[in-house]
There are 2 protein chains.
Amino acid sequence: MVQLSKPRVIIVGGGFGGLACAKTLKNARFDVVLIDRTNHHVFQPLLYQVAVSALSPGDIGIPLRSILRNYHNTQVIMDEVQSVELSEHKLLLADGDLNYDYLVLAPGARHSYFGNPQWEELAPGLKSLRDAIHIRERMLLSFETAERYYHTSDSKKYLTFVIVGGGPTGVELAGAIAEIGRKTLLPDYPILSADDIRVILIEAHERLLSSYSQKQSEYTLETLEKIGVEIILNTRVKTVLENKVITNNDEEIETVNVIWAAGNKASPLIRTLGIEVNHSGCALVQPDLSVPGYPNVFVIGDAAHLIDVNGVEAPAVAPTAIQQGIYVAKLIKSRKIPSQRKSFAYKDKGNMATIGRLKAVAMFGKLRFTGFTAWFMWCFIHILFLINFRNRLRVMVEWFWFYITRQPGARLIVQKEMKMKEKEE
Amino acid sequence: MVQLSKPRVIIVGGGFGGLACAKTLKNARFDVVLIDRTNHHVFQPLLYQVAVSALSPGDIGIPLRSILRNYHNTQVIMDEVQSVELSEHKLLLADGDLNYDYLVLAPGARHSYFGNPQWEELAPGLKSLRDAIHIRERMLLSFETAERYYHTSDSKKYLTFVIVGGGPTGVELAGAIAEIGRKTLLPDYPILSADDIRVILIEAHERLLSSYSQKQSEYTLETLEKIGVEIILNTRVKTVLENKVITNNDEEIETVNVIWAAGNKASPLIRTLGIEVNHSGCALVQPDLSVPGYPNVFVIGDAAHLIDVNGVEAPAVAPTAIQQGIYVAKLIKSRKIPSQRKSFAYKDKGNMATIGRLKAVAMFGKLRFTGFTAWFMWCFIHILFLINFRNRLRVMVEWFWFYITRQPGARLIVQKEMKMKEKEE
């Protein structure tokens with residue numbers, strides 16, 4: 001085990017929250033250990049672009065060690081944390097254990113299948129680069145298979161894409177699949193026609209993007225319909241089977257391509273704390289984001305649930321995680337006793353979602369933007385926030401190329417093989 | 001099955017040879033079907049750069065359908081050919097069969113383990129993007145594991161890289177691993193030092209790059225030694241085990257990182273022809289590259305063996321495959337009877353191999369180049385021959401960035417996990 005002398009801060013998770021926390025602790029008199037089960041940070045807001053072949057994994061992923069190379073008080077470990085022993089100030093890793101003085105848990109969330117974990121394999125969600133590559137290769141293979149079996153009765157199911165959940169991820173995926181499917185992929189498959197491709201977005205509530213204004217929801221719906229997305233509102237998915245989806249209205253949709261973008265569930269690590277959680281498994285934290293009874297243990301980001309001092313529930317988005325990571329790092333650096341700590345307050349910096357090429361919705365405080373203006377802001381802000389200059393350059397080149405030629409760069413099937421093959425993977 | 005009226009040319013394999021053949025048949029009065037088991041062409045000369053994280057898979061792979069999008073007489077099928085029924089003019093695919101009027105087999109080669117197929121898993125070769133990603137992730141994980149277990153006795157085996165075979169692939173890999181390992185990766189692992197990294201190149205013959213001049217072989221050996229590659233000549237690998245390699249001198253090298261770059265073996269598809277093959281399984285073809293007795297069936301590229309009309313044995317490199325693909329396409333278009341066909345003659349356009357950053361060897365006819373001049377030619381020619389403008393742009397940006405910052409872009413572990421984990425993949 002590594003020998004450390006200064007107080008040790010362990011951060012679990014290299015997403016937006018964990019990384020912001022580690023960066024804010026730069027040069028502080030603490031030994032910082034960042035643990036993640038992958039070796040990279042992912043710029044999650046652009047993950048859907050990897051899933052639809054518009055970007056390469058390397059464009060939005062960057063090794064944690066590179067990001068933190070010049071943080072001399074920080075060590076990166078690639079491992080999975082199995083559980084937290086609060087009373088012993090100890091983490092159990094897949095291999096060995098590690099003591100902490102301060103613990104910041106930022107393990108994020110996975111998708112919630114509402115008690116049907118067996119759906120995960122059939123209807124993957126989009127949280128990691130591996131998920132994105134899985135969805136991408138399945139989509140490309142579906143086009144191959146559809147052309148191959150075009151004259152058989154069930155070829156249509158390969159070209160039917162069902163996205164479950166009409167939040168930002170679902171909207172972005174549906175728009176991108178409709179556009180890339182029809183405009184970019186279709187010309188490569190001469191036998192297929194645009195009418196063969198169905199993109200269906202299913203939302204349980206009465207409108208898409210429920211966190212946005214009514215008007216923006218309507219704009220989103222109209223824009224998606226214009227680019228050929230079928231939208232089914234007020235409808236839940238009752239069953240996901242290998243070749244179809246059944247809704248609560250008993251409508252059956254034949255498809256082999258279901259993507260899950262409905263509901264989150266905190267990392268199972270949170271349950272090992274043995275503290276109270278909400279219905280999504282998120283830790284109910286104190287106003288200073290600490291765990292009740294353990295003022296040196298914090299939960300931040302998607303795995304935490306907090307109604308802040310202003311009565312606002314911080315949404316499960318990157319800015320929340322970043323603000324919380326910085327807040328907790330400053331708290332740790334201040335070494336204040338719990339009663340002196342100022343509570344965390346979420347600052348709403350705005351929200352935005354792309355709907356399709358050149359179209360988006362955005363809101364900043366009371367300001368609302370739609371269409372090209374919002375899309376342009378979206379591009380600008382996402383390029384700006386990409387982790388480092390190199391990735392900015394790559395993504396700019398890639399987008400510039402794509403918007404001119406509609407030829408994205410990452411349409412490769414590398415891991416998967418055609419299903420009819422008898423060889424094992 | 002697809003209905004075709006014009007004579008049907010089936011090309012098996014979308015590598016350099018198959019693709020050159022399909023392109024040369026553009027607009028000819030044939031229906032062309034290109035079958036490949038992947039959906040993409042790979043620019044193989046740069047595959048080693050993906051293996052060492054210098055390039056992303058999307059930089060050197062491009063979907064076959066995109067390349068051939070405007071070839072209206074050409075159809076692309078993603079499938080694996082199981083066997084050829086010469087007497088019935090028929091191919092058996094994994095799913096169904098297909099008749100041909102002309103058949104061009106360009107299935108390429110895999111590595112030859114000299115009768116020890118069980119070594120393949122421990123000592124992967126480098127022929128496909130999947131191979132390259134496999135090698136890349138294993139290398140990155142080795143660095144993680146070495147740092148994690150640095151204070152245990154067997155940490156060194158994770159940082160020992162053994163490359164078997166001192167031809168161009170072995171030389172390029174050894175040089176790149178030595179440089180990227182020490183200059184790019186090492187600074188990310190503060191516990192490790194340069195001395196911990198060993199890169200060993202084992203060659204069975206008395207010199208590296210035996211197809212180059214004696215002087216160039218010596219230059220290559222000296223340059224590799226300068227950048228820290230240990231070279232063992234006149235030595236064969238007797239056994240590959242999970243944690244070590246044993247040579248024919250009974251020297252044991254502890255390592256978990258063996259890469260195979262020694263010897264090729266033609267695709268097993270060739271054996272299904274039932275014709276005479278050489279010791280590497282390559283089809284012994286007629287002077288017009290056709291199969292004895294079947295003037296409308298051709299084998300080209302790495303799977304063919306031919307001493308041409310000038311007594312030259314065409315080497316197993318991209319230019320050979322391209323020349324043969326074009327030659328066969330023209331032959332088919334000419335519809336000449338076998339006795340009127342002009343024999344294939346290989347034109348040597350030169351050869352080049354990089355040794356490390358800014359160093360290479362090259363030969364064009366009687367001209368020999370070494371060092372920076374050769375390296376500059378190598379860059380220029382490889383950028384020029386990359387499949388399309390988009391990839392050229394990406395690779396140029398990537399190389400420019402890398403040669404300035406030494407920060408390559410693709411150091412992601414996406415598919416593999418740390419070995420100590422008990423969860424299944």
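None of the values given here were measured: they were computed from a predicted structure. Residue numbers start from 1 in every chain, and the chains themselves are labelled A, B, ... in the order their sequence lines are given, proteins ahead of strands.
- A:Glu121 CD: 12 or fewer foreign heavy atoms inside a 6.0 Å radius.
- Taking OH of B:Tyr189 as the reference point, atom CD of A:Gln75 lies at 12.5 Å (rounded to 0.5 Å).
- When every heavy atom of B:Gly58 is checked against every heavy atom of A:Ser56, the shortest pair comes out as CA-OG, 4.4 Å.
- Within the 4.5 angstrom heavy-atom criterion, only side-chain atoms of A:Leu93, from C-beta onward, approach chain B.
- In terms of heavy atoms, A:Arg148 sits closest to B:Met78 at NH1-O, 3.9 Å.
- Here the closest non-hydrogen pair linking B:Asp188 and A:Arg65 is O-NH1, 3.1 Å.
- Of the atoms belonging to A:Leu64, not a single heavy atom falls under 4.5 Å from chain B.
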